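Every chain is numbered from 1, with letters handed out A, B, ... down the list of sequences. If you're wondering where the values come from, they're calculated on a predicted model, not measured in any experiment.
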Number of protein chains: 6
Amino acid sequence: MRPSGRSLNQMRDVVIETGVTKHAEGSCLIRMGDTHVLCTASIEEKPPSFLRNTGLGWVTAEYGMLPRATNTRNRREAAAGKQSGRTQEIQRLIGRALRAGVDRSALGERQITVDCDVLQADGGTRCASITGGWVALRLAVNKLLKTGTIVSDPIIDHVAAVSCGIYGGQPVLDLDYAEDSTAGTDGNFILTGSRRLIEVQMSAEGATFSRGEMIELLDLAEAGSEALVAAQKAALA
Amino acid sequence: MRPSGRSLNQMRDVVIETGVTKHAEGSCLIRMGDTHVLCTASIEEKPPSFLRNTGLGWVTAEYGMLPRATNTRNRREAAAGKQSGRTQEIQRLIGRALRAGVDRSALGERQITVDCDVLQADGGTRCASITGGWVALRLAVNKLLKTGTIVSDPIIDHVAAVSCGIYGGQPVLDLDYAEDSTAGTDGNFILTGSRRLIEVQMSAEGATFSRGEMIELLDLAEAGSEALVAAQKAALA
Amino acid sequence: MRPSGRSLNQMRDVVIETGVTKHAEGSCLIRMGDTHVLCTASIEEKPPSFLRNTGLGWVTAEYGMLPRATNTRNRREAAAGKQSGRTQEIQRLIGRALRAGVDRSALGERQITVDCDVLQADGGTRCASITGGWVALRLAVNKLLKTGTIVSDPIIDHVAAVSCGIYGGQPVLDLDYAEDSTAGTDGNFILTGSRRLIEVQMSAEGATFSRGEMIELLDLAEAGSEALVAAQKAALA
Amino acid sequence: MRPSGRSLNQMRDVVIETGVTKHAEGSCLIRMGDTHVLCTASIEEKPPSFLRNTGLGWVTAEYGMLPRATNTRNRREAAAGKQSGRTQEIQRLIGRALRAGVDRSALGERQITVDCDVLQADGGTRCASITGGWVALRLAVNKLLKTGTIVSDPIIDHVAAVSCGIYGGQPVLDLDYAEDSTAGTDGNFILTGSRRLIEVQMSAEGATFSRGEMIELLDLAEAGSEALVAAQKAALA
Amino acid sequence: MRPSGRSLNQMRDVVIETGVTKHAEGSCLIRMGDTHVLCTASIEEKPPSFLRNTGLGWVTAEYGMLPRATNTRNRREAAAGKQSGRTQEIQRLIGRALRAGVDRSALGERQITVDCDVLQADGGTRCASITGGWVALRLAVNKLLKTGTIVSDPIIDHVAAVSCGIYGGQPVLDLDYAEDSTAGTDGNFILTGSRRLIEVQMSAEGATFSRGEMIELLDLAEAGSEALVAAQKAALA
Amino acid sequence: MRPSGRSLNQMRDVVIETGVTKHAEGSCLIRMGDTHVLCTASIEEKPPSFLRNTGLGWVTAEYGMLPRATNTRNRREAAAGKQSGRTQEIQRLIGRALRAGVDRSALGERQITVDCDVLQADGGTRCASITGGWVALRLAVNKLLKTGTIVSDPIIDHVAAVSCGIYGGQPVLDLDYAEDSTAGTDGNFILTGSRRLIEVQMSAEGATFSRGEMIELLDLAEAGSEALVAAQKAALA
């Protein structure tokens, strides 16, 4: 039995609300159960210096967590004077995932920065950031298309991410914090709207896993990502 | 005429929503027009080291702004590796203001940290942080009283803050960004529920000001703070 | 009774000695009682980058305190690897105050940096820094005028600062450390030579204050600033 | 055709030389082709503070690269003042992988730090670090067993890592730099001596990948890790 | 001919004024020509942690230069966020030199920190810091003896430092900035009151030097240090 | 008797192996007894900015020590976030020494960075770094000559360094760690191939020294440097 009473392949409710801040070119608030992430996409009409005169654009991401997004207060990273290794790992992952769904040549020499700030955390914040970050990115690109700044759509496909893991010996979909903190194996899967894989990260935390378990988690993830892509479409409709 | 069409002594609409995060002991989202600040209060059952064995508690504050809370994206302070002088100045002000409304002996040897994170900015973020931060603090203290952890209420009075300034040669109440960025003089006033002054900060930005103008701004601030205290009461009712 | 035996409206002796270092374009050592601050003004024939091609100049300030300027040794900020929030707050204040007395268009595209280094501290170091810093600035500008680098004087008026506070229930002028560390309310007032206000900062430290007390402190400050402007004139004569 | 002329499932030559430094409790120099990593294991008879009085030990890792380990010189991280996100990501991975092969209760309240310093890089440095780091760890633990400091062996199994990727549309084993920098998909697989999985990281870099390709890379990795475990055994014999 | 018109073995005028700050246990302002250094000695009744329970005390030093101590303004190290390599090298040298003249067992478990802050620089600041720093240290130790905190004098001997160099092909004593910046070889010599050597640092800057030149510079330094020790005695008399 | 059984004027065995990394323009591994330093020289076809358009080149050095190069593990400087004062002092010394043997005009507007990384330490790491660093520099310059990038050899002479000290009251050559950590006086001498002096650093660590002892150490150093220059020649032959 899962702590939340969900069945093994049941995701939490996903709600994506768009247009939540007046300044950003694209924005949404994604809620996967009690995990709430505010995602904004900011366009800068100048690429990073390593892309100057290449005709290519860039999509990058930054991730943060409010100090009291979690059960006990964490030290504010700005006060600590540096981003933790975990934060850097996550924001590198988000940026890589979103770039995999973008034709950087069609985007042209500009940069879009996707900020993912966790207002409340209950497991799966990096996956929610990717799924919500893609919506913010989509909205910002829509604005570029609408104003005619770019003419061909650089978004190739949806990008969505979901976690799976082995909890109590059973493969389960979309771990919440209670599961995540005790799961034997933990995985994050990032997929496109057409079920191609962008990134797979599986990690033994307490117990190693078999080839068979790896396949089972992938099965769950494929189903989960389909539901997330549907939620993205609904939010943008 | 003010850009927003408000009259000279008219504040923006103030909405304070409490209980907005599931983890914090006290929390609210305060909206002063388009300025939105998420405030949480976190209790730690241990005072800072300089207060050990004094019987006194501490209230402190931290302030942050999401990178795209503003019209153009600001660099994330955690990525920059330090908090700006402005951020430090503001969070020191918030902490000092809230402590002025607390009997630290009644609070006892514990610390409450009030985090004020600006989700969207349109001028007056430090004032909104103080007004909202006080509500989060009040709620966290209520929890301590309810569980019997403390027996006598350490909250002495309401604390609320409002900005005033001289815009277009006229004293105006509650500056929004359009006014703030061009005002000749700019002031922040922090008052208690009984109209005692906690902090006055007036600053010439472009034009010096007279003794008479100083008094006029104080008049506006007294009226404004009364409305904010009423909003605090309504939110807590 | 004040610890120093001074009457309520009596300032400490002010001595401003000019030309104290051979390298700086302008310099002075200001002594307000036992508070001694070395002020230098350095001209750079290039404005900060945000003012390039605007025709405007800039005046900025930096503040520091020698580790043993105080009763017990403080950690050297260069060794600690950062300036404290207090230091940043003070140097931002000094810069803002001095700029309020300068016509940046007449100054032209150059930058003057005023360094205020406290050799010995006994309360009121930020006020002494502003009053002395203005003298250093005046001397540096004189040099620009004398060499014909600029033709019209960018200095609009004197700028001087003085602290006041409520000590033992009484409004007093020019707090020394013994008073400052126990005062209920503490204020800094920055005025021009023609008694216009540049900045007012009043802060409850232990006890809130009334509107009437605020006015009384302003009265003291106006008298004090007049004496300081006289001392500036005497030093420059 | 692979740039090195190797067949698709052919690893580079692996040589592990033990006892290469006189100070460390365990050490080796691992060479996977032109990738050379010096690995040392240092025992500290005190666990990290979060494990005090738990009876559990800790294994952690740090990773570094000499500035000219690569084709063009990289800035020294100590001079830059911080470890890059990449470095932190890698050292967290190494530590996590090694801990998966250790019974922390049998290790007892002590810490072993495995330092992996890349002397020369030609792709696959994180995998070589894990494979070599395990040998250094094994040697350090042997010393603890030999002196009777611990009585039961905390090492559960071998830990070895290998990279695979899709290069020129073909799944290949053990990418060197020429392949790594142009591969469409890139993966790192960490396995135990009994072919259990510890960590799987697959990432699309330019082209997404299918479920089938994922399985093919896993097949290659299983074969590769077997060869690496054999090399570990030979080095320790 | 030397730029200052001094003869080859002529030092600049040395003036040491004691008791220049009211807070420090020992202090002096040393002027070697236009090089002015404020030296303070601060006693802490607790040794650094590595000396706890050893019966030994510690003497350490910190060095700083005001931003406009030099001909063109240098960036403030506190603002830059770190001490330069040069600063660290100098303060390590000062501390080492002063410790060589102290019986740390007679000093007992306490620490004396000597701060040397350059108010105006014209070459030879590290030597002036050592010579003046020793006077501040002597005064602080006198206070410990006078109050009976320690009973036997831990100061073994005077410590003084002087620079020499090869300027225009000639060995000269006590280089000022004009000489220092163009000298072929540059040396700092630290001696005791009884002409024992504490530290010799000679460095080719442009031209290597011979064994004979090394001896000649030592001759000059011995004479110079004698005059400095006399100045120390005069200041303390 | 010396701990190693060496006679007073006996150096440790010196072995210099060249071409140890495939990427660097010049490289060697120098072993002075149990002190092992990996030295690489990297050419950049661009001088530092302060030399632009001067026709002069630059040689600089960086120094590092692997965390477990020593008997007990040291904290990794990259993780600590800064280079220690000792590290900075050493790398400044290495750079200065190597530049003394180079005609920067013949080198032309380019920069060579010599990295010295200590793999194993047993005293004398800075001297080994200089002696080995010169070999790496020589090899990199040879490459520039061979390709015709420069036509006249900028290397003026050999540069080699050796430590001496007073151990057990006796002057000894080439201190190992056991001696270095207890020597009364400790010196580093850097000489050219023609016995000219580049740098002399002698420091009392526990006992001051006489003029006569200074000369004795110089005698030892001259003999030692001759042997080191011979080893450099052998390695390059």
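For B:Thr192, the part lying under 4.5 angstrom from a heavy atom of chain C is the side chain only. Neither the backbone nor the side chain of B:Thr87 has a heavy atom closer than 4.5 Å to any heavy atom of chain C. Of the two parts of B:Asp219, the backbone and the side chain both hold a non-hydrogen atom closer than 4.5 Å to a non-hydrogen atom of chain C. Contacts of B:Arg211 with chain C are made by both backbone and side-chain atoms, with heavy-atom separations under 4.5 Å.
Of all the listed residues (B:Ser203, B:Ala204, B:Ala97, B:Ala100), the one sharing the greatest number of non-hydrogen pairs under 4.5 Å with chain C is B:Ser203. In terms of heavy-atom pairs under 4.5 Å with chain B, the best-connected choice from C:Gln201, C:Arg104, C:Arg86 is C:Arg86. Counting heavy-atom pairs closer than 4.5 Å to chain B, the top residue among C:Arg92, C:Arg195, C:Arg99 is C:Arg92. Put simply, of C:Leu197, C:Leu191, C:Thr208, the one with the most heavy-atom pairs under 4.5 Å next to chain B is C:Leu197. Across B:Ile215, B:Ile190, B:Val200, B:Ile198, the residue that shares the most heavy-atom pairs under 4.5 angstrom with chain C is B:Val200. Comparing B:Gln88, B:Glu199, B:Arg96 by how many heavy-atom pairs each has under 4.5 Å with chain C, the most go to B:Glu199.
For B:Glu213 and B:Thr185, the side-chain atoms include no donor-acceptor pair closer than 3.5 Å. C:Thr131 and C:Gln232 share no side-chain donor-acceptor pair at under 3.5 Å. Between the side chains of C:Tyr63 and C:Thr125, a donor-acceptor pair is found at a separation under 3.5 Å. Side chains of B:Gln91 and B:Gln83: a donor on one and an acceptor on the other come within 3.5 Å.
Closest approach of C:Ala128 and C:Val37 over heavy atoms only: CB-CG2, 4.0 Å.
In this structure a side-chain-to-backbone donor-acceptor pair under 3.5 Å is present from C:Glu109 to C:Gly55. The backbone N or O of C:Asn71 lies less than 3.5 Å from a partner atom in the side chain of C:Arg68, making a donor-acceptor pair.
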